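Since the structure is predicted, the reported quantities are computational estimates derived from the model, not experimental observations. A, B, ... follow the sequence lines: proteins, then strands. Residue 1 opens every chain.
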Amino acid sequence: MLHSSKAARKPNKKNLNEWMWGWFFIAPTMIGLLILNIIPIFQTLYLSLFQSGDFGRGDIFVGFDNYIRMFNDPQVWHAVRNTLVYTLLVIPISIAISLVIAVLLNEKIRGRTIYRTIFFLPMVAAPAAVTMVWRWMYNNQFGFFNYLLRSVGLESVDWINSPNVALISIAIIGIWSIIGYNVVLMLAGLQEIPKDYYEASMIDGASSIYQLFKITIPLLSPTLFFITVTTIIQSMQVFDFIYMMVDVTSPAYNSTVSLVYLFYNNSFRYSNRGYGSAIVMLLLVIIMIITVFQMKAQKKWVNYK
Amino acid sequence: MDKKSKSINKILLHSFLILGSVIMIFPFVWMLLTSFKSVTESTSMNPFVFFPSEWRFENYVEVIRQNNFFVLYYNTLAMMFFRVLFAIMFSAMAAFAFARLKFPGRDFCFGLVLFQMMVPPQIFIIPQYLMIDAMNMRNTIFALVFPGLVSAFGTFLLRQFFMGLPKELEEAAIIDGANYGQIFLRVMLPLVKSGMIALGIFTALFSFKDLMWPIIVNPNENAAVLSSALARMQGAYSVHYPQLMAGAVLAIWPMLLVYLLFQRNFIEGISTSGGKL
């Protein structure tokens, strides 16, 4: 063990034994990963150079035609914009609301666990079921929200089919669903902040707002960074809420379709796997670009101990 | 702060949290209330009906008559069970090797695990679908489990747990003459139980919520899972909301119940796995 780097080059019986066990243990995962994930990445890349033949006819090699078509397809640009807008709506709002709730729940108050249980509830419900009931509450004629609006004398809103509103309606479902998850992670992070920081600043006469911005947020920044990264990646892949809420025929389709929904429609509804593959490659590139930016930004504002 | 302003603060705090709780719960309550209404009650605007005039179970009866919920529960449960089983089994093995053993190719292979986690999973879907299709396995439980046979996320997560264990453990076991298989099973595995529970909950929850893959590989009614069946129901009777809501209630109650019973495990599982990443 002590001379492992040297020993790794010159196998003796003991090392060989360790190697064999190592390879044996990772074999199922690595074989699975290769077949299910690594090869498919290249296959998707390869498929994106073909146009799928209709009904069993073979695929035709078209080179970069799918990509050229994609850059000239207004629907793809709608999807890019919708996906980014959705992400930009969900991230700041969900994180701000979750932070307030988490800070309040971090106080010694009665019923903490009950509140936490309730806020986490949407996380355990299937998005298909959840979107159904939101769609019903959003219903133009009979929905609960429009009843509320009308009963206070306001105009009703076409939550589902208005091109200007539908994406916001979907983002509301996304925010509502993710708050509990964020709160749980933030509470775990808040627990690690030493109490004396707050006590010391109280003696100095700091207000709670000052404490929030000068103590809580900087010390919680690793958790906030983790939540931001995972939420961005998840939001960039939004599908379920939109699939359940907006049909292809809806007037709001162009203003709500996300990249993944467009990928699904092209690959499986219209059976054009080549074009679908090109769309998912675009998603990959966008997510990679965002990840690089995040890693750069991380150095600026995340405060690791 | 004096006592009076402290208690005013408390009241403000609770009113805020209660308002938040109501917003979080309301969609579930509305789902349940609507599921007992008649169509007339659900679409009555003047007066607007909050509570059904009687507790009608006919929406449930009808939605169960039209959809074989027994099959849906069975398919969903089977998918979750096998995905959890494979994720825990294979991830624990690989995670142990990555964290505790030295062998050529280890870092490269772990790099592939990390790489998989960074790629959006939709990129795998067309090839995975083509494989299922080529094997003639559409509309089977195997098709539902297929993408979850191995878990890069699980491997990464459990590796973090294995890394936290002291080095002396296997050294002592090796002196006692144990091989690495025995060390893994008898010494290490019991110590990462909390990690395996967290991974199990995570995997179960995510397979339960998965929608796109079941729609793609198992379009047949008898091979559907709860979420894909709901999507079809919405297309089939999109105006009969009380029946749709009855279907939604039937689809979500098992997970809600499990959550309420084991909420401590759920919340710890989520926060430890989030914290370990």
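Checked against the 6.0 Å centroid threshold, A/Phe142 and B/Tyr241 do not count as a close aromatic pair. Ring pair A/Phe120/B/Phe266: centre-to-centre distance not below 6.0 Å.
Taking CG from A/Leu33 and CG from B/Leu112, the interatomic distance works out to 6.5 Å, rounded to the nearest 0.5 Å. Put simply, CD on A/Glu107 and CG on B/Asn9 are 9.0 Å apart, with the number rounded to the nearest 0.5 Å. For the atom pair A/Glu18 CD and B/Phe103 CZ, the distance stands at 9.0 Å (nearest 0.5 Å). Here CD1 of A/Ile31 is found 12.0 Å from CG of B/Leu149. Values are rounded to the nearest 0.5 Å. Remark: B/Ile270 CD1 to A/Asn182 CG distance equals 11.5 Å, nearest 0.5 Å. Note that the CZ atom of A/Phe239 and the CE atom of B/Met212 stand 4.0 Å from one another [nearest 0.5 Å].
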Verdict with reasoning, A/Trp176 to B/Phe28, per ring pair (Phe, Tyr, Trp, His ring centres under 6.0 Å): CA-CA 12 Å; A/Trp176 174 84; B/Phe28 295 105; 5.6 Å; yes

Worked verdict on B/Lys209 versus A/Met123 for side-chain contact (heavy atoms from CB on, under 4.5 Å): CA-CA 9 Å; B/Lys209 295 167 88 168; A/Met123 262 312 274; 3.9 Å; yes

Residues B/Phe26, A/Phe144; criterion ring pair (Phe, Tyr, Trp, His ring centres under 6.0 Å); working and verdict: CA-CA 11 Å; B/Phe26 185 77; A/Phe144 178 74; 4.5 Å; yes

Stepwise side-chain contact (heavy atoms from CB on, under 4.5 Å) check, A/Arg273 with B/Leu130: CA-CA 10 Å; A/Arg273 310 205 201 294; B/Leu130 293 175; 3.9 Å; yes

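With a threshold of 4.5 angstrom between heavy atoms, B/Phe146 approaches chain A through its backbone and through its side chain. Looking at B/Phe50, only its side chain comes within 4.5 Å of chain A, counting heavy atoms on both sides. If you measure heavy-atom distances from A/Phe263 to chain B, the contacts under 4.5 Å come from the side chain alone. In this structure, the portion of B/Met131 lying under 4.5 Å from any heavy atom of chain A is its side chain and not its backbone. For B/Ile18, the parts lying near chain A are the backbone and the side chain together; criterion is any non-hydrogen pair under 4.5 Å. If you measure heavy-atom distances from B/Val113 to chain A, the contacts under 4.5 Å come from both the backbone and the side chain. Residue contact with chain B, scored on non-hydrogen atoms closer than 4.5 Å, involves the side chain of A/Phe268 exclusively. Heavy atoms of B/Met245 lying under 4.5 Å from chain A belong exclusively to its side chain. Proximity to chain B (any heavy atom under 4.5 Å) is shown, for A/Ser277, by both the backbone and the side chain. Proximity to chain B (any heavy atom under 4.5 Å) is shown, for A/Thr291, by neither the backbone nor the side chain. With a 4.5 Å cut-off on non-hydrogen atoms, A/Met288 touches chain B through its side chain but not through its backbone. Both the backbone and the side chain of B/Leu101 come within less than 4.5 Å of a heavy atom in chain A. If you measure heavy-atom distances from B/Ser227 to chain A, the contacts under 4.5 Å come from both the backbone and the side chain. At a 4.5 Å heavy-atom cutoff, the contact between A/Leu121 and chain B is made by backbone and side-chain atoms alike. Using a 4.5 Å cut-off between heavy atoms, A/Leu284 contacts chain B through both its backbone and its side chain. For A/Asn139, the part lying near chain B is the side chain, with the backbone staying farther off; criterion is any non-hydrogen pair under 4.5 Å. Residue contact with chain A, scored on non-hydrogen atoms closer than 4.5 Å, involves the backbone and the side chain of B/Ile267 alike. Residue A/Ile114 does not touch chain B at all, counting heavy-atom pairs closer than 4.5 Å. Only the side chain of B/Ile216 comes within less than 4.5 Å of a heavy atom in chain A; its backbone stays farther off. Of the atoms belonging to A/Ala188, it is side-chain heavy atoms, and not backbone ones, that fall under 4.5 Å from chain B. Both the backbone and the side chain of A/Met244 come within less than 4.5 Å of a heavy atom in chain B. Contact annotation for B/Pro120: both backbone and side-chain heavy atoms come within less than 4.5 Å of a heavy atom of chain A. Contacts between B/Ser42 and chain A at a heavy-atom distance below 4.5 Å involve backbone atoms as well as side-chain atoms. Both the backbone and the side chain of A/Ile35 have a heavy atom closer than 4.5 Å to some heavy atom of chain B.
Here the closest heavy-atom approach between residue A/Tyr243 and residue B/Ala231 is recorded as CE2-CB, 4.0 Å. Nearest heavy-atom pair, A/Phe119 versus B/Gly20, reported as atom, atom and distance to 0.1 Å: CE2-C, 3.7 Å. Residues A/Pro122 and B/Met24 come closest through the heavy atom pair CG-CE, 3.7 Å. Taking both residues in full, the closest heavy atoms of A/Phe25 and B/Gly181 are given as CZ-CA, 4.1 Å, listed atom of the first, atom of the second, then distance. The heavy-atom pair separating A/Leu36 from B/Gln128 by the smallest distance is O-NE2, 3.0 Å. Looking at every heavy atom in both residues, B/Leu211 comes nearest to A/Ala128 through CD1-CB, 4.3 Å.
For residues 104-116 of chain B, the set of pairs meeting the side-chain hydrogen bond (donor to acceptor under 3.5 Å, both in side chains) definition, not counting sequence neighbours, comprises A/Asn37-B/Gln116. Screening residues 110-122 of chain A for side-chain hydrogen bond (donor to acceptor under 3.5 Å, both in side chains), with sequence neighbours left out, gives A/Tyr115-B/His14, A/Thr117-B/Gln263.
In this structure, the side chains of B/Phe110 and A/Ile26 stay at 4.5 Å or more apart for every pair of heavy atoms. The closest side-chain heavy-atom distance from A/Asn17 to B/Tyr180 is below 4.5 Å. Residues B/Pro127 and A/Thr44 meet the side-chain proximity criterion, which asks for heavy atoms closer than 4.5 Å. Side-chain contact between A/Gln141 and B/Met45 is absent, with no heavy atoms from C-beta onward closer than 4.5 Å. When side chains are defined from C-beta on, A/Ile101 counts as touching B/Phe16, because their heavy atoms get closer than 4.5 Å.
Interface remark: of the candidates B/Leu13, B/Ile252, B/Ile23, B/Ile123, B/Ile123 forms the most heavy-atom pairs closer than 4.5 Å to chain A. Ranking A/Gly22, A/Gly111, A/Ala126, A/Gly189 against chain B, the residue ahead of the rest is A/Gly22, based on heavy-atom pairs under 4.5 Å. In terms of non-hydrogen atom pairs under 4.5 Å with chain B, the most contact-rich of A/Met236, A/Met30, A/Met186, A/Met20 is A/Met30.
Between the side chain of A/Thr29 and the backbone N or O of B/Phe90 there is at least one donor-acceptor pair closer than 3.5 Å. Listed for the B/Trp30 side chain is no donor-acceptor partner under 3.5 Å among the backbone atoms of A/Trp136.
Within a 6.0 Å radius of CZ in B/Arg264, no more than 12 heavy atoms belonging to other residues, nucleotides or ligands are found.
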